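Notes follow once the structure below has been shown.
Please read these numbers as outputs of a predicted model, since none were measured by experiment. Throughout, a chain's letter reflects where its sequence line sits, starting with A, and its residues are numbered from 1. For the numbers below, each heavy atom of this structure counts, side chains included, while hydrogens, waters and symmetry mates do not.
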Amino acid sequence: MINKEVPSVAEAVADIFDGATVMIGGFGEAGSPIELIHALIDQGASGLTVVNNNTGSGEVGLAALIKAGRVSKMICSYPRSMNSTVFPELYRSGKIELELVPQGTLAERIRAGGAGIPAFYTATAVGTMLADGKETREFDGKTYIMERGLKADFTLIKCRQADTYGNLIFNKTARNFAPPMAMAGTVTIVQTESVVAPGEMDPEIVVTPGIFVNRVVQVQNPQHESVLVASGVSYP
Amino acid sequence: MINKEVPSVAEAVADIFDGATVMIGGFGEAGSPIELIHALIDQGASGLTVVNNNTGSGEVGLAALIKAGRVSKMICSYPRSMNSTVFPELYRSGKIELELVPQGTLAERIRAGGAGIPAFYTATAVGTMLADGKETREFDGKTYIMERGLKADFTLIKCRQADTYGNLIFNKTARNFAPPMAMAGTVTIVQTESVVAPGEMDPEIVVTPGIFVNRVVQVQNPQHESVLVASGVSYP
Amino acid sequence: MSANDAKIGLSREEMAQRVAMDIPDGSYVNLGIGIPELITRFVPEGREFIYHTENGLLGMGPSPAEGEGEPELINAGKRQVTAIPGASYFQHPDSFAMIRGGHLDLCVLGALQVANNGDLANWSTGGPDAIPAVGGAMDLVAGVKSVFVVTQHCTKHGDPKLVDACTYPLTGPGVVDRIYTDLAVIAVTDEGFQLVELSPGVTFDYVAERTGAPLLPIATPTAS
Amino acid sequence: MSANDAKIGLSREEMAQRVAMDIPDGSYVNLGIGIPELITRFVPEGREFIYHTENGLLGMGPSPAEGEGEPELINAGKRQVTAIPGASYFQHPDSFAMIRGGHLDLCVLGALQVANNGDLANWSTGGPDAIPAVGGAMDLVAGVKSVFVVTQHCTKHGDPKLVDACTYPLTGPGVVDRIYTDLAVIAVTDEGFQLVELSPGVTFDYVAERTGAPLLPIATPTAS
């Protein structure tokens, strides 16, 4: 019978392996699954390729994972944020690789990966250095570049409510990358503020259907990155 | 100031021109905007290319539009249904053109059109006659075909509730093609069972944001194709 | 029932029940029209399957009680259905992202022909007067992890549906994993059709005679 | 204020207000970080704009009152915002479908440099020690129907930001339609920079001297 709830964040991330590609939801702190990221730090996997719009801030969450030396490559659109110091230092010293992708192209590449689309064309970045080395092609007289779908071994996201089938709803702008990443991850792991039984969520308002979700773990009162950073917290 | 409500279905479809490409929502009768289609029949535009999953049934709605000789080409996945006689007759006599597209490819082509993606690759239909004449390409050792995004001059869809900004929510499996078609239509026209003021719809449950919608017209009690067909109704 | 019986082999319901036995607990399943639809009646004790219908519903339930259906709650065959607790509705691009993206575990489809290389023909007879209509069949066979076919072993005219090459237009090349017929369960392997199980009272020769390509006997487990 | 005044030209607020005057009623608008954000304060009487923020909100409202913000209701600049009645939340692929698909009427962005062929550089100085960070800028200029730039006419060092060729890495080629600076409103035409309007107390020559490419005078309407 189907029940995707697991009892702890530690169990939820236990099988993430060295060298895995891990998509992590969130745009800045909104939607960042801090407790899952901290569990991943505790778990110890390294050599990770991480896909996230940013690179975290302060020394908690994603920034802490990077600081711990577990991330060998970042795929993101904006690795420079307020209070973001960990990534820039490692990047300048050549200790971490960066694949910079325009934000919309990143979102669409992730969706394509989840939707079984190996490649698509976009006008974004045409005529810029981010198109260097990319195949270009004309359609109806306009130039586009080809971009590849992106998949992950694991996806870590946060939501507001889940049911035990893995149906998810989100909170305001914390939704951002979570739905496409849930689709693109071979194993999608969700931290949720509450878990309900199937049938307690209106089927019309489900944002991510349970088929895209493998594990659900309750984190009732998730921490906020900005609060932790303002308090000077450093994880672990 | 923004108010997308128009007073009648006749005004809503008044500017659809001869030779236009028109996307019409619905999978079978679920989501079929019958009243908008009947208004289009009354309006008289002809030589239309129509995009719909099917070709209607009986002699109402889409089937009536086809019977009236207004459609020169259908782009669809399944032009053969229960009570579908109008299209087969015209097709066999060479009076209407058919572009047959697998259902998922059709859905994705429409989404791509609305999302500014001119082309994408899919494994669907590889090795079949529906791949004839299509470009093939290998990615990671698997063969795919290239499919083009699809756009329309007008989109006609039905929903359960709209606000005057054009935000939409749908009813059960009547949602089907409406959201991508709303994106892909230059002018998107919506018939809705009810219209509310901005703010009366929870922003978390909006399925189609108003930016994709141009006109909203209330049809409080839309007719059901199956009921009309069972009653032997023929429009007009 | 014996091999001499006029009505040899499984009924449609028994075929559906036999397929259901091979579906793992927790599977996300898409069912084609016809015999596959009957599978919902035979979920084995202790298992739970979630049914996907490609027009936009995950968690499809049984047909509604007489007079309680809704014209806007239908399945891919355009028949009225219900939604189970824990269901979700979604738009077509999302529904086919589930299919194309390899998220569904299994689809069970009918067939006109299956070839011993796994080719499936189930959408068109290719006749000059036929109205071609494909629906989601090509998306399903291209995207779903496992493809089962459930079908009568032979056509109404007694011709084999399991063949060495499809003569009808293909739905997809090399896509079928297993075939469930009234006479047998047959796996499609690199070596071709391989018998997995005979229906009660059916002999290997009886099935082989009615199969349009070589049929390998049941594989004997090798000592390990 | 005269041309001899040390503080010649428009303030940041006045520049934002000037841009707002040129936005048609009912527009869907994306605002970049910096001066563009100020535009929300200056919606002309009788008009309504709907603001899109690419992280997933259509109908962005003003900043929340002190202490009433939420960490999960932010804009693309990661600042806390509010949502207006009639807003909607959505995922990133949908948000960028709005952008890439040409559904937004206008974006207003800052600039490092704009060339007289419409090239825009606003994401990177290309310095060897710079951390490259592009966000949604390239998506916006490639997809949105009209692109306005609002910027100081010159850098803090007095160098022109309106140039005959960008030396910084491009955000997009030939994408800018209009430029609003402290000194003038300038259209990017097939013939290059064309003056549309001078700020109060500013002369043509004053602007032309501070522009790194030829500046065409205000177009005189031709008799019709």
> Are any of the side-chain nitrogens in B:Arg160 or C:Glu72 under 4.0 Å away from the carboxylate oxygens of its partner?
Replying inline: no

>> Could you check whether B:Glu99 pairs with B:Arg109 (Lys NZ or Arg NE/NH1/NH2 to Asp/Glu carboxylate O, under 4.0 Å)?
In response: yes

Relative to chain C, which segment of [X] carries a heavy atom at a distance below 4.5 Å: side chain, backbone, both, or neither?
X        : value
B:Leu106 : neither
B:Phe170 : neither
B:Arg80  : both
B:Val227 : neither
B:Tyr91  : side chain

> Just wondering, are more than 12 heavy atoms of other shown residues or ligands nearer than 6.0 Å to NZ in B:Lys95?
Replying inline: no

> When you look at NZ of C:Lys78, are more than 12 heavy atoms from neighbouring residues, nucleotides or ligands closer to it than 6.0 Å?
Replying inline: yes

Do [X] and [Y] have side-chain atoms, one donor and one acceptor, less than 3.5 Å apart?
X        : Y        : answer
B:Glu225 : B:Ser57  : yes
C:Asn30  : C:His52  : yes
B:Gln103 : C:Asp139 : no
B:Thr105 : B:Glu147 : no

If you count heavy-atom pairs under 4.5 Å between each of [options] and chain C, which one has the most?
options                     : result
B:Gly28, B:Gly104, B:Ala30  : B:Gly104
B:Met129, B:Arg111, B:Arg92 : B:Arg92
B:Pro88, B:Ser226, B:Ser32  : B:Pro88

Side chain / backbone / both / neither for [X] at chain B, heavy atoms under 4.5 Å:
X        : answer
C:Thr171 : backbone
C:Tyr89  : both
C:Asn75  : backbone
C:Leu73  : both

Picking from [options], which has the most non-hydrogen pairs under 4.5 angstrom with chain B?
options                               : value
C:Ile74, C:Leu170, C:Ile131           : C:Ile131
C:Gly172, C:Gly136, C:Gly56           : C:Gly136
C:Val81, C:Val141, C:Asn55, C:Leu57   : C:Asn55
C:Pro173, C:Pro93, C:Ser124, C:Ala142 : C:Pro93

>> Tell me the closest heavy-atom pair linking C:Phe193 and C:Ala115, and the distance in Å.
In response: CZ-C, 3.5 Å

>> Which heavy atom of B:Val195 sits nearest to which heavy atom of B:Val216, and what is that distance?
In response: CG2-CG1, 4.0 Å

